Amino acid sequence: MDRIIKCSEAIREAIDQEMAVDERVILLGQGIDDAKGMWGTTLGLQKKYGEERVFDTPLAEDGMTGVAIGAALAGLRPIHTHIRMDFLVLAMNQLVNIAAKTRYMYGGSLGVPLVVRAVIGRSWGQGAQHSQALHSWFAHVPGIKVVMPTTAYDAKGCLIQAIRDDNPVLFVEHRMVHQAQSHVPIEPYALPLGKARILSSGTQLTLVATGHMVMESMRAAEVLKTLGLSVELIDPVTISPLDSATIFNSVEKTRRLLVVDNGWLNCGFSAEVLARSAEHFQGAGNISYARMGFAPVTCPTTKALERQFYPNVFNIAAKAADMIAPGISLSEELCPEAPEITLFRGPF
Amino acid sequence: MDRIIKCSEAIREAIDQEMAVDERVILLGQGIDDAKGMWGTTLGLQKKYGEERVFDTPLAEDGMTGVAIGAALAGLRPIHTHIRMDFLVLAMNQLVNIAAKTRYMYGGSLGVPLVVRAVIGRSWGQGAQHSQALHSWFAHVPGIKVVMPTTAYDAKGCLIQAIRDDNPVLFVEHRMVHQAQSHVPIEPYALPLGKARILSSGTQLTLVATGHMVMESMRAAEVLKTLGLSVELIDPVTISPLDSATIFNSVEKTRRLLVVDNGWLNCGFSAEVLARSAEHFQGAGNISYARMGFAPVTCPTTKALERQFYPNVFNIAAKAADMIAPGISLSEELCPEAPEITLFRGPF
Amino acid sequence: MHRQNYYREILRIRRVEEEIIRLYPSDKIMSPVHLSIGQEPISVGACMALQPEDVVFGTYRGHALYLAKGGDLRQMMAELFGKVTGCARGKGGSMHLIDLAHGVMGTSAVVGTSIPQAVGYAYALKAQKSKSIVVVFFGEGAMEEGVFYESLQFAALKKVPLIFICENNLYAIHSHSTGRHAQPRHCDRVEAFGIPARRIENNDGEALHDAVTDARNAILKHGAGPFFFEAMTYRWQEHVGPGTDWHLGYREENEISAWKACDPVLKLANELDPDILTRIDAEIQAEIEDAVAFAEGSPFPQVEELYTDVYA
Amino acid sequence: MHRQNYYREILRIRRVEEEIIRLYPSDKIMSPVHLSIGQEPISVGACMALQPEDVVFGTYRGHALYLAKGGDLRQMMAELFGKVTGCARGKGGSMHLIDLAHGVMGTSAVVGTSIPQAVGYAYALKAQKSKSIVVVFFGEGAMEEGVFYESLQFAALKKVPLIFICENNLYAIHSHSTGRHAQPRHCDRVEAFGIPARRIENNDGEALHDAVTDARNAILKHGAGPFFFEAMTYRWQEHVGPGTDWHLGYREENEISAWKACDPVLKLANELDPDILTRIDAEIQAEIEDAVAFAEGSPFPQVEELYTDVYA
Ligand SMILES: Cc1ncc(C[n+]2csc(CCOP(=O)(O)OP(=O)(O)O)c2C)c(N)n1
Ligand SMILES: Cc1ncc(C[n+]2csc(CCOP(=O)(O)OP(=O)(O)O)c2C)c(N)n1
Ligand SMILES: [Mg+2]
Ligand SMILES: [Mg+2]
C-alpha cells in the first residue's frame with residue numbers, strides 16, 4: 001500500500017491511467033517516443049496506445065500547439081509536452097491568444113481541454129535558454145490554469161485532474177523534482193486544482209515556495225528547526241488560481257512571509273503573494289515581508305556563477321532566521337548543497 | 001516656444017530627428033508606409049529617408065523581430081513597430097530568448113540596440129485579441145527595458161533615449177494616449193529611462209498609474225481635489241527598471257498606495273509595486289494598499305461589458321476616496337466617462 | 001451546382017453586408033467590421049460543396065463564411081450589436097463569429113492563427129474515423145506567417161482530411177502582395193510540402209465548388225488530403241469598416257472597376273428569371289429585417305456576464 | 001581548394017572534440033556538448049570559401065563552425081571549462097560560442113532562432129554597402145520551424161547577401177527526418193521561395209566549398225543571393241554528450257559504419273605525405289594541449305560577474 005515512487009513515475013502513471021479509461025486522451029510532443037521517454041514520463045506509452053494516440057511531432061512549437069488546440073476543439077483531450085519551458089516561448093500565441101481566450105471569446109460555447117506539460121531545466125550548464133521558469137507569465141493571463149506540483153503524490157493527482165479539467169492547464173515540472181519520491185497510491189485519484197498544501201506546520205514564519213525551491217525550503221525548515229525556529233512551509237501547488245486563504249491563515253499566525261519562487265521576482269508570482277497579503281492585512285501592519293528567487297540576470301552557464309543564480313538551503317535558511325530572530329547566526333556547514341544538484345551529471 | 005503637440009506627433013518627431021542625425025537608425029514594421037502612417041507616427045518618413053531605411057514588412061512577427069535583431073548586431077539601430085501589442089505574442093522567442101539575453105549570454109561582447117514599439121488597443125470593440133497590455137511579461141525578464149510614457153513630452157524624450165540606448169527597449173504606446181497633448185520642445189532631447197514622474201503632488205494617497213490609466217487617474221485626482229482630498233499621482237514612465245525610490249518617498253508621506261495598472265493584476269506590475277513597498281516599509285505598518293486594473297477576464301467586445309472591464313475615473317476616485325476617508329460619498333456625476341472613449345469612433 | 005442557390009447565397013451575404021454599411025453610422029455596431037463584399041463567391045462556392053457536418057475555420061473577415069456555411073443570421077446580427085443573444089453572447093463581435101450547430105468553428109483576429117487548429121481538428125476527425133472534413137479559409141497575408149508552413153508540414157505528414165483555401169485578394173491591409181513576396185506563385189510553396197495545390201482565377205466560386213467537391217470525395221473515398229486552393233478574389237470596401245478607400249492611394253480605382261465589371265451578383269442575375277430574382281430579393285430582405293429587429297430588440301449582457309466563461 | 005589545409009582544419013576539429021570526449025568524465029566541462037564529429041567537412045568546406053570579414057551564425061552544435069571560421073581555441077576551451085577567459089566569460093558555454101574578431105556571431109540553443117538574425121545581419125551589410133556576406137548554418141530540424149520560412153521570405157524579397165546551409169544529418173535528437181516530413185526534398189521547399197537551392201550528397205565539403213565560392217562571387221559581383229545548400233552529413237556521437245548511442249535503438253550501427261567508411265580524415269590522410277601528416281598531427285596536438293592548459297589555468301569568474309552584462 002505504502003508505495004514510494006518518483007515524481008517522474010507518478011507523472012507517467014497519471015497519463016497511463018487516464019489514457020486507459022478515456023480514449024479521448026492523446027499525447028504528443030517532441031521526442032515523446034524517445035528511448036529515454038522524457039525522463040521516463042512517457043515510457044512505453046506509444047507501444048501501449050498506438051501511434052495515433054501517442055506521437056512525436058515536428059519541431060514546430062507554435063503550430064503543434066495549434067494542432068493540439070484544434071484536436072481539443074474536436075473533442076480530444078491532448079497532452080502536449082515540452083522538454084524545456086523555454087520552448088513555450090515559441091508557442092505563446094496559440095496558448096495565450098487562442099487557448100486561454102477561446103471559451104470567453106465565444107461566449108462559453110466551446111472550450112479547450114488541453115494539458116501542456118513543460119519542464120524547467122537546471123544544472124549542468126543549462127544556461128540562458130534552457131533554464132527559464134515562466135509560470136508567472138501564464139498566471140498573468142486569465143483563462144489558463146497553472147499547476148506546479150512538487151511531490152510525486154501531488155504530481156499524479158494534479159495531472160489526472162488537469163487531464164479531466166475542461167480548461168487549458170499548464171502543468172509545470174522541474175527536472176530536479178522529477179527524481180523526488182513520495183508515497184503515491186496505485187489507483188487513480190484527482191486532486192482539486194487551486195488548493196495549496198501545508199508541507200510542514202510552524203508558527204514563526206510562513207514560507208511559500210515553488211518548484212524546486214520547495215525541496216530547498218523543506219531542508220531550510222529542517223535546519224531552522226535545529227535552531228529552535230519554527231517555519232510553516234506552504235507549497236501553493238497551483239499557481240493560478242492561487243489559494244490565498246491558506247497563505248493568509250498562516251501569515252495571520254506567523255506575521256512573517258517569505259516567498260521563495262523558482263523564477264524571477266520582478267512582476268512575478270512572488271510579487272503577487274506579497275501584494276495579496278499586503279492588501280489583505282492592510283494597515284494591520286507588523287508583518288515582515290521578503291522574497292527570493294532567481295537573480296535578476298540571465299542564467300549563466302558556468303557553475304561558478306550558476307550556483308549564485310539560485311537561492312539555496314543556506315541563504316533561504318539564513319533569510320528566514322534573520323526575519324525571525326535578527327542577528328542569529330547560522331553556520332553554512334549545516335546547509336550542504338542539495339544532493340540533486342551536486343550529484344547531477346549531464347550530458348544534458 | 002510653448003508648442004503643444006499630440007503624443008503621436010511627438011513620437012513621429014522623435015523618430016524623425018534621430019533618423020536625421022544617425023543614419024544607423026532604421027524603421028520597419030507592418031504598414032509603416034501606410035497612408036495613415038500608424039496614427040501619424042510614421043507619416044512621411046519613408047519618403048524622407050528612403051525605402052532601405054524605412055520599410056513595410058511581411059506578416060511575420062517572429063521572423064521580422066529576428067531580422068531587426070540581426071540588423072542591430074550588424075550595427076544598425078532598428079525601430080520595429082507593431083500596431084497592437086497582442087502581435088508581440090508571436091515574437092516572444094526572438095525578444096526574450098535572443099534580444100534580452102544576447103549581451104549576457106556572450107559575456108558582454110555584443111548587444112542589441114533595438115526599439116520595439118507596440119500599441120495597446122482599446123475601445124470600439126477591440127475584443128480579446130486586440131486589447132492586451134503585456135508590459136509585465138517583459139518586465140519579468142532581465143535584459144530588456146520597458147518604457148510606457150503617457151505625455152507627449154515624455155514620449156518624445158524617452159523614445160529618443162530608447163533609440164540611443166544600447167539595450168533592447170520595449171516602447172509601449174496606448175492608442176487612447178496618442179491623442180493626448182502636451183508641451184514639447186522642438187529640439188531633440190533625451191530623458192533618462194528609469195525615472196518616474198510626479199504628475200501632481202499630494203499628501204494623502206500615492207496613486208501610481210500606467211498608460212491610459214494615467215489619464216483616468218489624473219481626472220480622478222482632480223475630482224478628489226474638489227472634495228478636499230489630496231492625491232499624489234506618479235507615472236512610473238519606465239516600467240523596468242522601476243524607479244522605486246520616487247514611489248517610496250511618496251508613500252512614506254501619504255501612507256496609502258493605490259496602483260492603477262493598464263493591464264491585468266495577477267503576477268503583474270501592480271503586484272510588483274505593492275510587493276516592493278511592503279518589503280521596503282516592512283513591519284512599519286499602517287500603510288494601506290490597493291490596486292486596480294483590467295478585470296481578471298478576457299476583454300469582451302460588447303461595449304456593455306467592455307465598459308466594466310477597465311477602471312475608470314469614477315471607480316478610481318471612489319477607491320482612493322474610500323482609502324483616504326472611508327465612508328465619504330462620491331457622486332458619479334462628477335466623473336463623466338472619458339472623452340477619448342466616448343468620442344472614439346471606429347471603424348477600428 | 002445549383003445556380004439559383006449559388007446566386008441566392010451570394011446575394012444574401014451581399015445584402016447583409018450592405019445593411020451593415022447602412023447601419024454603421026448609427027453606432028449600433030460599435031466594433032470593427034471587415035467586409036467581404038466582392039469576395040462572396042469564394043465562401044459560397046466552397047461551402048456549397050460541403051455537408052452540414054463538415055467544419056470550417058475562418059478569419060476576422062468572416063461574415064461571408066459564417067453565412068455561407070449556414071450560420072444563423074439573427075445571432076450574427078445580435079453579435080454585431082453586442083447583444084447577449086449573439087452567437088458569442090456579445091463577447092466576440094464581428095471578428096469572432098461561431099455557430100457550432102452549423103460547423104462554423106470560430107475565427108481568429110490574429111492573422112494565421114486558426115490554421116493549425118484546423119489541422120488539429122482534422123487530425124481528430126481522422127482519429128475518430130469521422131466521415132466529415134475540415135476547410136480552413138485565410139487571406140494570402142496569412143501565408144507569410146511561419147505557422148502556416150508548420151501547419152502544412154504536419155497536415156501533409158498525417159494526411160489529414162482538410163482543405164486549405166487561401167482567399168487571395170492581393171492586399172494585406174494596404175500592402176500589395178508583391179511588396180511582401182519575392183516569388184508570387186503561392187501554390188508552388190504549398191506543393192513543395194507534398195500537398196496538391198491549385199490556383200483558381202477570377203473570383204470563380206463555381207470552379208472552386210467543383211474543386212472542393214472533388215477534393216472532398218478524394219478525401220472521404222480514398223483517404224487523400226490535404227488539398228490547397230488559392231482563390232483569386234478582390235475586396236471592394238476598405239480593409240476594415242463600411243467605406244471605400246480609393247482616396248488613400250494604395251490601389252487604383254480602375255483596379256476595382258475591372259473586378260466590379262465581373263460582379264457575380266449581376267452576372268448570375270442575368271441568367272435567372274426576373275420573378276425568381278424578385279422573390280429571392282424579397283425573402284432576403286425579410287430575413288435581414290427580421291434579424292436586425294431581433295438584434296435591436298435583444299438585451300445587452302448583464303454586467304455579471306463580464307465574469308463568466310473565463311473557465312469552465 | 002588547398003587540400004592540405006582542408007585536411008588540417010578537419011583534423012583539428014576532430015582532435016579537439018576527441019579531447020573533449022577524453023576530458024568529459026573529469027567533470028571539468030560541466031555543461032552540455034553537442035559534438036560535430038563526422039560533420040566536420042561541412043563547416044570546413046564552407047568556411048574555407050569565406051574571408052575573415054564574412055560572418056557566420058550557427059547552432060548549439062557549434063564547435064566545428066567556430067573553429068573552421070577561425071575562432072580562438074584557447075577561448076573556446078576556457079568557455080567550456082566555465083572560465084572567465086572564455087569567449088563568453090563562461091556565461092555562454094559550449095552552446096553559445098562567439099568570436100567577433102573572426103566573424104563568429106554566436107549560436108543559439110533554441111532551434112532555428114538564429115536564422116532570421118542572419119537575414120537581418122545580411123540586410124544591414126547590404127544597406128551598408130559592405131563587401132562581405134553572411135552564412136548561416138542549421139540542422140534539418142530547423143527547417144520545421146515556421147521562422148525558417150519567414151526568414152526565407154524576407155531574404156528572398158530583399159535579395160540579401162546570405163547563404164543558408166542546412167547540415168542534414170538525418171536526425172533531430174532521436175527522430176528520423178522521415179517521421180517529420182511528408183516530402184523529403186528540402187530543396188524544393190526553398191526553391192519555391194525563389195531561392196536557388198542545391199543538395200550536396202556524401203558529406204562532401206569540397207563540393208560545398210566550390211558551391212559556396214561560386215555563390216559568394218555571384219553575390220558580391222552580381223548582387224545575387226540568397227542561396228541555399230543542403231549538405232548531407234552524419235553525426236557519429238550521441239545527440240548531446242561525449243558517448244555513442246547505438247544502444248538506444250533509434251538508428252542502426254550499420255548506418256554509421258557506412259558513413260565511417262568514408263571518414264574524410266582517413267580519406268584525405270591517404271593522399272598526403274606521411275611526414276606532413278605527422279607534422280600536422282603534432283602541431284594540432286600542441287595547440288590543444290596549450291588550450292587545455294590555458295583553460296585549466298584560468299580563473300572562474302568572480303561572483304560579482306553574475307550581475308554584469310545584463311544591460312549595457
Ligand atoms: C499576427 C497578426 N499580424 C498583424 C495583424 C494586423 N492585420 C490585421 S488584418 C491584416 C491583413 C491580413 O491580410 P490577409 O491575410 O491577406 O487577409 P485580408 O484582410 O486581405 O482578408 C493585418 C496585417 C494581425 N491581425 N495579426
Ligand atoms: C525550438 C526548440 N525546440 C526544441 C529544442 C530541443 N532540441 C534541441 S536540439 C534538437 C534537434 C535539432 O535537430 P537539427 O536541427 O536537425 O540539428 P542537429 O542536432 O541534428 O544538429 C531539438 C529538438 C530546442 N532546442 N529548440
Ligand atoms: Mg488579403
Ligand atoms: Mg539534424
Side-chain angles (χ1 to χ4, degrees), chain A residues 23-24 26 28 50-53 55-78 80 90-91 93-94 96-114 141-145 165-169 193-194 240-241, chain C residues 55 57 75 79 84 86-93 95-101 105-110 112-128 130 134 136 145-155 157-158 160 162 301 305-312:
Chain A
E23 63 177 25
R24 298 171 305 171
I26 63 170
L28 64 152
E51 297 197 7
E52 203 163 64
R53 289 182 67 197
F55 55 92
D56 188 20
T57 73
L59 278 68
E61 286 74 9
D62 191 39
M64 290 311 306
T65 303
V67 165
I69 293 170
L73 295 175
L76 299 184
R77 303 183 86 82
H80 188 196
L90 286 92
N93 182 44
Q94 289 294 330
V96 169
N97 281 335
I98 304 293
K101 299 186 173 27
T102 292
R103 183 177 300 278
Y104 197 90
M105 204 154 73
Y106 296 119
S109 53
L110 79 178
V112 181
L114 167 70
V141 177
I144 183 163
K145 296 183 182 177
D165 202 290
D166 284 329
N167 301 290
V169 180
L193 305 186
S240 176
Chain C
V55 152
F57 285 81
Q75 286 189 36
E79 189 62 34
V84 73
C87 57
R89 304 183 73 80
K91 288 176 171 175
M95 297 198 287
H96 304 293
L97 299 179
I98 187 164
D99 186 337
L100 296 180
M105 280 309 300
T107 56
S108 170
V110 184
T113 53
S114 40
I115 301 173
Q117 289 144 50
V119 175
Y121 201 105
Y123 182 84
L125 289 184
K126 189 172 179 181
Q128 294 157 343
S130 157
V134 179
V136 57
E145 293 284 355
V147 74
F148 173 68
Y149 298 95
E150 297 183 351
S151 302
L152 290 182
Q153 164 108 337
F154 189 74
L157 184 67
K158 299 292 180 185
V160 299
L162 172 68
E305 281 246 8
L306 179 66
Y307 298 99
T308 58
D309 305 326
V310 181
Y311 295 98

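When reading the values below, keep in mind they use all heavy atoms of this one structure, side chains included, and skip hydrogens, waters and symmetry mates. A quick note: this is a predicted structure, and the numbers were derived from the prediction, not measured. Residue numbering restarts at 1 for every chain, and letters A, B, ... go by the order of the sequence lines.
Shown here for A:Ala74 and C:Gln128, the closest heavy-atom pair between the two residues is O-NE2, 3.1 Å. In plain terms, the two heavy atoms of A:Asn167 and C:Ala312 that are nearest each other are OD1-N, 2.7 Å. The two atoms that bring A:Ile98 and C:Ser108 nearest to each other are CD1-OG, 3.8 Å, heavy atoms only. C:Ala88 and A:Met105 get closest at one heavy-atom pair: CB-O, 3.5 Å.
The side-chain heavy atoms of C:Tyr121 and A:Leu76, taken from C-beta on, include no pair separated by under 4.5 Å. A heavy-atom distance below 4.5 Å is found between the side chains of C:His96 and A:Tyr106. For the pair A:Gln94/C:Thr113, a side-chain contact is recorded, criterion being any heavy-atom separation below 4.5 Å from C-beta on.
With a 4.5 angstrom heavy-atom cutoff, A:Pro142 touches chain C via backbone and side-chain atoms both. Both the backbone and the side chain of A:Leu73 have a heavy atom closer than 4.5 Å to some heavy atom of chain C. Heavy atoms of A:Lys101 lying under 4.5 Å from chain C are absent altogether. Proximity to chain A is absent for every atom of C:Tyr149, based on heavy atoms less than 4.5 angstrom apart. Residue C:Thr308 touches chain A through its backbone alone, counting heavy-atom pairs closer than 4.5 Å. Within the 4.5 angstrom heavy-atom criterion, only backbone atoms of C:Leu97 (N, CA, C, O) approach chain A. Of the two parts of C:Leu306, the backbone and the side chain both hold a non-hydrogen atom closer than 4.5 Å to a non-hydrogen atom of chain A.
Atom-to-atom distance recorded for C:Glu150:CD and A:Glu61:CD is 7.5 Å, nearest 0.5 angstrom. Distance OG1/A:Thr102 to CD/C:Gln117: 6.5 Å, rounded to 0.5 Å. Note: C:Arg89 CZ to A:Tyr104 OH = 11.0 Å, rounded to the nearest 0.5 Å. C:Phe154 CZ to A:Leu28 CG: the interatomic distance, rounded to the nearest 0.5 Å, is 7.0 Å. Rounding to the nearest 0.5 angstrom, the gap separating the CG atom in A:Asn97 from the OG atom in C:Ser114 is 12.0 Å.
Contact count against chain C (heavy-atom pairs under 4.5 Å) is highest for A:Ser109 among A:Pro241, A:Gly111, A:Ser109. When each of A:Gly143, A:Pro168, A:Ala68 is checked for heavy-atom pairs under 4.5 Å with chain C, A:Gly143 comes out on top. Listed options C:Val55, C:Ile98, C:Leu100, C:Val110 were ranked by heavy-atom pairs under 4.5 angstrom with chain A; first place goes to C:Ile98. Of the residues considered (A:Asp166, A:Asp62, A:Ile69), A:Asp62 shows the highest number of contacts with chain C, using heavy-atom pairs under 4.5 Å.
Between C:Tyr123 and A:Phe55, the ring planes lie tilted relative to each other; the angle falls in the 30° to 60° range.
For C:Ala127, the side chain to side chain contact (heavy atoms under 4.5 Å, CB included) criterion is met by A:Glu52, not counting sequence neighbours. Residues meeting the side chain to side chain contact (heavy atoms under 4.5 Å, CB included) test with A:Glu51, sequence neighbours left out: A:Gln46.
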